[in-house]
J.: 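Mind looking over this structure? Questions follow.
Order of listing sets the numbers, starting from 1, for every ligand and every atom in it.
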Amino acid sequence: MSSKNKNTQLVSSGRKKAYTHGVVNPVVQRASTIVFDSVSELKEAAKTRGDKTLFYGRRGTTTHFALQEAITELEGGEGCALYPCGAAAISQTLLSFLKSGDHILIVDTVYEPTRDFCDKILAGLGITTTYYPPMIGADIKEYIQDNTKVLFLESPGSITMEIQDVPAMVQVAHEHQLMTILDNTYGNGLHYRPLEHGVDISIQAATKYIVGHSDVMMGVAVANKKYWPTLREHSYLLGQCTSADDAYLALRGLRTMAVRLNQHEKAAIEVAKWLEQHELVDHIRHPAFETCPGHEFFKRDFDGSNGLFSFVMKTGNQKAIDAFLDSLQHFKMGFSWGGFESLVTANLSMKGLRSQTGWEHGPVIRLHIGLENAEDLIADLQQALAIYEQHL
Ligand SMILES: *Cc1c(COP(=O)(O)O)cnc(C)c1O
């Protein structure tokens, strides 16, 4: 399977006849109870406890198996657990492997709810967290304690987009028997496959590019051979499952992910290049641009970029930011990203979002470039930046 082109794989994966019953897409199989006709049938099903066979609804149905197979193939792992959202995939994966007294290392540029989960929930369970600077590389060694269990990475980092030297860090982690987990929502499996770089578990908010249409919440975690049996069993015990309808929509989104990403990537680079020339803009935080910390690791390890990037203003204030946001027509204010629509968020500073890394620059504006025409988006930004300037 691995010899297949990734685009071809996105179209063909998870389409066994057992799942599709001979049509193109898998049947939406909604179920709680699975019924067995005989003791021997029940015993047979109990042997694998729902590993790609029907056992009980929480273990999934053929619709889920189709999606799980497709995502496992995409990321290149042993198996894929499904969660009701990306935040659940992160929290439940961590809970599946940690116990009281353990210590974890989390990148300082982590997605904010991941930080809050560590500080507000793991701390209460007696699990301590140290945040490390995103560009630390092999020096992560200095942060490892006797009770450190997990190295958690997110690359690029949230909002400020630093790309980590994953292979160097994973090597140190494994020398110290740490498990490694990476939030790969940006890398999406087509552009970056963490397991190929030695990471043990790759997590994605499928809510973003896999679903691609802003209409389903879902999380996925793909584990290697070593960690898959525990991840699978513990996710089940933690009660993690998704509806067959959502699994169907996620799989449908996956089929067109490559073409959508191509368009997002092209338009985002066009918009970012325009912004780079703008007199109010200090620099661009887009992994494909040299001004992005870790750009060299992006060039080395990634196969492409997407619609998400940030730009840093030379100066600013909250009034200018608010006027800028209010004047945008195509860019809507909203959380999340990865859908067909353009979005914008802005931070006057990174205070409160970082504990180890300072921020010596101006305001950060993050864009998600949707599938609209890039020239329309540039015109929108042009008029909004003029309004920004009026408030300086
Ligand atoms: C959105 C996001 C999540 C959380 O996903 P939800 O499905 O919204 O819970 C996790 N990590 C990253 C990097 C994200 O962008």
Side-chain angles (χ1 to χ4, degrees), residues 67 71 75 80-95 106-122 131 134 150 152-164 166 181-192 194 199 201-222 235 238 240-243 246-247 249-250 253-254 257 261 264 268 285-287 294 298 302 305-310 332-339 341-345 347 350 353-354 364 366-370:
L67 175 64
I71 293 184
E75 290 262 3
C80 167
L82 302 177
Y83 302 86
C85 64
I90 293 164
S91 65
Q92 305 308 303
T93 297
L94 287 169
L95 286 173
I106 303 254
V107 64
D108 200 35
T109 45
V110 77
Y111 177 66
E112 194 182 1
T114 305
R115 175 186 291 271
D116 289 347
F117 170 73
C118 295
D119 294 348
K120 293 177 182 166
I121 295 180
L122 289 187
Y131 296 94
V150 170
F152 189 98
L153 309 100
E154 182 179 326
S155 180
S158 269
I159 306 173
T160 45
M161 311 298 280
E162 297 85 347
I163 300 102
Q164 298 188 248
V166 174
I181 302 173
L182 191 145
D183 183 333
N184 192 36
T185 304
Y186 180 95
N188 67 68
L190 263 189
H191 289 160
Y192 189 60
V199 171
I201 297 183
S202 174
I203 295 177
Q204 282 194 53
T207 309
K208 310 285 165 58
Y209 282 122
I210 290 176
V211 166
H213 294 74
S214 304
D215 52 2
V216 174
M217 307 283 307
M218 192 180 291
V220 297
V222 175
S235 300
L238 287 161
Q240 299 300 305
C241 57
T242 61
S243 78
D246 286 350
L249 285 171
L254 195 66
M257 189 167 77
L261 282 171
H264 285 294
R285 290 286 178 115
H286 182 308
F298 174 79
F302 281 68
S305 60
N306 57 49
L308 190 74
F309 74 94
S310 297
K332 304 296 180 197
M333 280 171 266
F335 304 111
S336 200
W337 46 275
E341 78 289 8
S342 287
L343 295 169
V344 60
T345 57
N347 292 81
M350 298 307 294
L353 296 171
R354 308 281 186 260
V364 188
R366 188 180 77 171
L367 301 178
H368 177 254
I369 303 300

J.: Does one side chain, of S214 or E341, offer a donor that lies under 3.5 Å from an acceptor on the other?
T.: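 Note: S214 and E341 side chains meet the donor-acceptor criterion.
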J.: Where the side chain of S310 meets the backbone of I159, is there a donor-acceptor pair that is under 3.5 Å apart?
T.: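 Flag set: sc S310 to bb I159 pair under 3.5 Å.
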J.: Would one find an N or O of S336, backbone or side chain, under 3.5 Å from an N or O of ligand 1?
T.: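 No - when backbone and side-chain N and O of S336 are compared with those of ligand 1, no distance drops under 3.5 Å.
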J.: Looking only at heavy atoms, which two atoms of F309 and H286 are closest? And how far apart?
T.: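 Here F309 and H286 meet closest at CB-CD2, 3.6 Å.
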J.: If the condition is salt bridge (charged side-chain N to carboxylate O under 4.0 Å, His left out), which residues does D108 pass it with, not counting sequence neighbours?
T.: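 For D108, the residues satisfying salt bridge (charged side-chain N to carboxylate O under 4.0 Å, His left out) (neighbours in sequence not counted) are R115.
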J.: Pull out every atom of ligand 1 sitting under 4.0 Å from any heavy atom of T185, numbered as shown with elements.
T.: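 Counting atoms of ligand 1 from 1, those under 4.0 Å from T185 are 11 (N), 12 (C), 13 (C).
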J.: At less than 4.0 angstrom from any non-hydrogen atom of T207, what atoms of ligand 1 do you find?
T.: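 Checking each atom against T207, I get 6 (P), 7 (O).
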J.: Which atoms from ligand 1 have a heavy atom of M217 less than 4.0 Å away?
T.: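 What qualifies from ligand 1 is 6 (P), 7 (O), 8 (O).
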J.: Counting each atom of ligand 1 from 1 as listed, which ones have a heavy atom of K208 under 4.0 Å away?
T.: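 Heavy-atom distances to K208 below 4.0 Å select 1 (C), 2 (C), 3 (C), 14 (C), 15 (O).
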J.: On a heavy-atom basis, which atom in H191 and which in N188 lie closest, and how many Å separate them?
T.: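 Heavy atoms only, the tightest pair is N-OD1, 3.3 Å.
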J.: Taking both backbone and side-chain atoms of G86, is any N or O found less than 3.5 Å from an N or O belonging to ligand 1?
T.: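 Between G86 and ligand 1 (N or O atoms, distance only) the closest approach is under 3.5 Å.
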J.: Short question: side chain of R366, backbone of T345 - any donor-acceptor pair under 3.5 Å?
T.: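 Pair absent, no side-chain N/O of R366 close to backbone of T345.
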J.: Provide the number and element of each atom of ligand 1 under 4.0 Å from a heavy atom of E154.
T.: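 Heavy-atom distances to E154 below 4.0 Å select 13 (C).
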J.: Just to confirm my output: which protein heavy-atom neighbour is closest to atom 5 (O) of ligand 1, and how far is it?
T.: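 Here the nearest protein heavy atom works out to A205 CB, 3.1 Å.
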J.: For atom 12 (C) of ligand 1, what's the nearest protein heavy-atom neighbour? Residue, atom name and distance, please.
T.: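 For atom 12 (C) of ligand 1, the nearest protein heavy atom is D183 OD2, 3.4 Å.
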J.: Between T207 (side chain) and M217 (backbone), is there a donor-acceptor pair under 3.5 Å?
T.: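 Judged by distance alone, no pair lies under 3.5 Å.
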J.: Taking non-hydrogen atoms only, is T114 closer than 4.0 angstrom to ligand 1 via side chain, backbone, both or neither?
T.: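 Near ligand 1, T114 shows nothing, with every heavy atom at 4.0 Å or more.
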J.: Within the side chain of D183, is there an N or O that forms a donor-acceptor pair under 3.5 Å with the backbone of V110?
T.: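 Flag not set: sc D183 to bb V110 has no pair under 3.5 Å.
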J.: Would A87 count as being in polar contact with ligand 1, using the rule that some N or O on each side must be under 3.5 angstrom apart?
T.: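 For ligand 1, there is an N or O atom that lies under 3.5 Å from one belonging to A87.
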J.: Is there a heavy atom in I203 that sits closer than 4.0 Å to ligand 1?
T.: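 So I203 does not count as touching ligand 1.
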J.: For ligand 1, which atoms sit closer than 4.0 Å to a heavy atom of C85?
T.: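 In order of numbering, the contacting atoms are 7 (O), 9 (O).
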J.: Is any side-chain heavy atom of Y192 closer than 4.5 Å to one of S202?
T.: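 The answer is no; the side chains never approach within 4.5 Å.
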J.: Please work out whether any backbone atom (N, CA, C, O) or any side-chain heavy atom from C-beta onward of Y186 is under 4.0 Å from ligand 1, and answer side chain, backbone, both or neither.
T.: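 Y186 to ligand 1: no contact under 4.0 Å from either part.
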J.: Could you tell me whether S158 and ligand 1 have an N or O pair separated by under 3.5 Å?
T.: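 No; the residue has no nitrogen or oxygen that sits under 3.5 Å from a nitrogen or oxygen of the ligand.
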J.: Given W337, F335, Y111, which has its nearest heavy atom closest to atom 4 (C) of ligand 1?
T.: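 It is Y111 that holds the nearest heavy atom.
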J.: Could you tell me which non-hydrogen atom of Y186 sits nearest to which non-hydrogen atom of P287, and how far apart they are?
T.: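 Taking Y186 first and P287 second, the nearest heavy atoms are OH-CG, 3.5 Å.
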